[in-house]
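Since the structure comes first, as structure tokens, the remarks are kept for the end.
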Amino acid sequence: MNNRLTESTAWKALEMHFRELRDLSLRTMFVQDPGRSERFSVKDQGILFDYSKHRITDQTLSLLFQLAGERGLAEKIEAMFSGEKINITENRAVLHTALRAPKGSAIMVDGHNVVPDIHEVLEKMAGFSNQIRSGAWKGYTGKPIRNIVNIGIGGSDLGPVMAYEALKFYTQRNLTFRFVSNIDGSDFTEAVHDLQAEETLFIVASKTFTTLETMTNARTARSWLLEKLQNGQAVARHFVALSTNEKEVSEFGIDTRNMFGFWDWVGGRYSMDSAIGLSTMIAIGPDNFYSMLEGFHRMDEHFRHTPFERNIPVIMGLLGIWYIDFFGAMTQAILPYDNYLKRFPAYLQQLTMESNGKYVTLDGERADYNTGAVYWGEPGTNGQHSFYQLIHQGTSLIPCDFIGFRTSLNPLPLHQDYLVANMIAQGEALAFGKSADEVKKENVPDSLVPHKVFEGNRPSSTFFMEKLTPEYLGKLVAMYEHAVYTQGVVWGINPFDQMGVELGKVLAMKIIPELQDVQKAVSHDGSTNNLIRYYRG
Ligand code: F6P
């Protein structure tokens, strides 16, 4: 096998194939091949994944599968699941899949079975969640906890807040949940402005327990609590920590008995089903949390054991590569037709872009092909009245993922039919558009015809499921996690480190004292110096 992606046999064949296919329209493809929607869809895990509205033929797929084969995807999937240290830059295993492994299973890291450790933490989380939910856990003044504030950022925030919003239907409504992430003092201030300290629990969520934003917010929270309750002993009843770093947790002053641990082989953006999910478990209850884990696990099994031809995350990942590397599409829209999934696109931004936003390959070379796309999106139908114009008639090609459910959790008359009709219609409009002849038949004045033409040929996937349950949420998240890994393997990059976030953090630490001390000399470039001086006033 040649290690250079662009010199591999399948890549070269795909380049040639792309030249033949790029002008073929979806209209023609559907006319010539009426069976393509059956062939290019997978029904598995209770998900209908329709990918027939993509600019592909049987040959495209077989070349993409060949590419995956040449890049060793099957072996790399096995390597991840079996705990090999595939995060080579940090010399770590990557085992978010172990977080949802069934209780009796065995997954070894450095000769140690980690599954019992995982279940021990889950049981501790369940015990604590039940105490909060039942009111048995009392605050310092003896009142039950009614407000839960999760303090974290990145993976220690986006997963919890996304899951809370997604599963709000299942939450215990006498509890209030808030999520503080931003270093901007307004985030903390607004989160607590109407809360009673004696009824408030702070969950400090940080894998490292050193992140500037989280530790600053956590210290502010502690001061806020102490100012209200006037006793240092209150901290033990009102603060818990979710972390891998016991030493920092105890230095912060949180009793490590009130700490829920996880491990360095869980990446921040892959951690919503670890102890980082404590706020989710308190909100929806342990049983629902376990069924979310079950959903994750089922998708893991699907990814691990299903042939590529019917493997949902593998097909998703390869389709992304087809557009990013051959069509030059640089963005991917995520369009959930379920309002509860409003934070899902934001969650996926970190998952996908922090994972695959890298130009350096595992060999330390610069990739001579495009990698990670920009992910973005909003729930339908809201997006339709905002940015869909550009998806339909703009100059960029934007593949879309439509995500929908047959049954509404809140079935008001008409709403669900209207919602689903819109989702289906958007995929149809994007793929098939409206020709000039069709526009003219509507007696449109000639001068307006070009404006009303939809050229179509814009690709989309549709993921259709029964109902937004905790189990389906688990499946959806795992599905994208594994699509990300599929792409990382083909691109030959490491999706599990995030070195690109470091430089800005280091420079900020240098700038902080320069902002605080107006006498301090500034020694950056002209622009940076100027900005610092402006702030100093
Ligand atoms: O700065 C990026 C990052 O390291 C993310 O990968 C991570 O999810 C986030 O910061 C928060 O990190 P921590 O959980 O250690 O506070």
Side-chain angles (χ1 to χ4, degrees), residues 86-87 89-96 99 121 125 149-164 179-184 187-188 202-222 239-252 254 259-280 343-358 360 372 375 477 480-481 484-485 488 493-512:
I86 58 169
N87 177 356
T89 52
E90 297 176 318
N91 192 28
R92 286 176 186 164
V94 174
L95 273 176
H96 42 279
L99 298 170
V121 174
M125 288 164 66
V149 182
N150 187 81
I151 299 178
I153 197 164
S156 302
D157 167 72
L158 288 162
V161 75
M162 181 279 288
Y164 172 71
F179 298 84
V180 176
S181 56
N182 205 314
I183 192 78
D184 180 347
D187 201 10
F188 179 80
F202 290 100
I203 299 179
V204 185
S206 175
K207 180 177 169 181
T208 54
F209 233 71
T210 56
T211 305
L212 177 77
E213 293 89 336
T214 302
M215 299 327 297
T216 307
N217 279 320
R219 280 186 211 102
T220 301
R222 190 173 50 192
F239 275 80
V240 298
L242 320 176
S243 188
T244 58
N245 193 340
E246 202 167 320
K247 183 170 161 282
E248 290 288 341
V249 168
S250 117
E251 272 174 31
F252 179 85
I254 295 179
M259 169 179 164
F260 300 82
F262 57 113
W263 306 271
D264 70 357
W265 38 261
V266 181
R269 54 196 173 275
Y270 296 88
S271 66
M272 60 170 276
D273 48 350
S274 70
I276 292 294
L278 183 65
S279 60
T280 314
R343 294 296 285 161
F344 194 57
Y347 172 78
L348 286 189
Q349 285 182 328
Q350 188 198 10
L351 178 66
T352 58
M353 290 157 74
E354 203 174 66
S355 295
N356 282 341
K358 288 155 196 174
V360 176
Y375 277 67
V477 174
Y480 279 97
E481 286 176 347
V484 165
Y485 184 51
I493 57 180
N494 178 8
F496 304 112
D497 63 11
Q498 55 283 323
M499 312 237 172
V501 303
E502 293 309 324
L503 180 59
K505 292 186 191 176
V506 171
L507 293 178
M509 294 315 286
K510 180 163 186 247
I511 291 173
I512 290 169

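One-based numbering, in listed order, for ligands and for the atoms of each. For the numbers below, each heavy atom of this structure counts, side chains included, while hydrogens, waters and symmetry mates do not.
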Any idea which atoms of ligand 1 are less than 4.0 Å away from a heavy-atom of [X]?
X	value
Gln350	5 (C), 6 (O), 7 (C), 8 (O)
Gly154	8 (O)
Thr211	12 (O), 13 (P), 15 (O), 16 (O)

Checklist entry - Is it true that a side-chain atom of Ser206 and a backbone atom of Thr214 form a donor plus acceptor pair closer than 3.5 Å? => result no

Checklist entry - Counting distance only, does the side-chain N/O of Gln350 pair as donor-acceptor with the main-chain N or O of Gly155 below 3.5 Å? => result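 Looks like yes, one N/O pair under 3.5 Å.
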
Checklist entry - Taking N or O atoms only and a 3.5 Å limit, does Gly155 qualify as a polar contact for ligand 1? => result yes

Checklist entry - Can you find an N/O atom of Glu354 closer than 3.5 Å to an N/O atom of ligand 1? => result yes

Checklist entry - Parallel under 30°, tilted from 30 to 60°, perpendicular over 60°: which one fits the rings of Phe496 and Tyr485? => result tilted

Item to check | Best match, Ser156, Ala205, Ser181: closest heavy atom to atom 14 (O) of ligand 1 | outcome: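 The nearest heavy atom belongs to Ser156.
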
Checklist entry - Heavy atom under 4.0 Å from ligand 1: found in Val501's side chain, backbone, both, or neither? => result side chain

Checklist entry - Any idea which part of Gln498 is under 4.0 Å from ligand 1, heavy-atom wise: side chain, backbone, both or neither? => result side chain

Side-chain donor-acceptor pair present, [X], [Y], cut-off under 3.5 Å:
X	Y	value
Ser355	Thr352	no
Asn494	Asn87	yes
Asp497	Thr89	yes

Checklist entry - Is the distance between the ring centroids of Tyr480 and Tyr347 less than 6.0 Å? => result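 No: the rings miss the under 6.0 Å criterion.
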
Starting from [atom], find the nearest protein heavy-atom neighbour and note its residue, name and distance.
atom	value
atom 15 (O) of ligand 1	Thr208 OG1, 2.6 Å
atom 9 (C) of ligand 1	Ile153 O, 3.6 Å
atom 10 (O) of ligand 1	Lys505 NZ, 4.4 Å

Checklist entry - Which residue, Val204, Val249, Leu278, forms the side-chain contact (heavy atoms from CB on, under 4.5 Å) with Val240? => result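 Between Val240 and the candidates, side-chain contact (heavy atoms from CB on, under 4.5 Å) is satisfied uniquely by Leu278.
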
Checklist entry - Can a non-hydrogen atom of Glu502 be found less than 4.0 Å from any atom of ligand 1? => result no

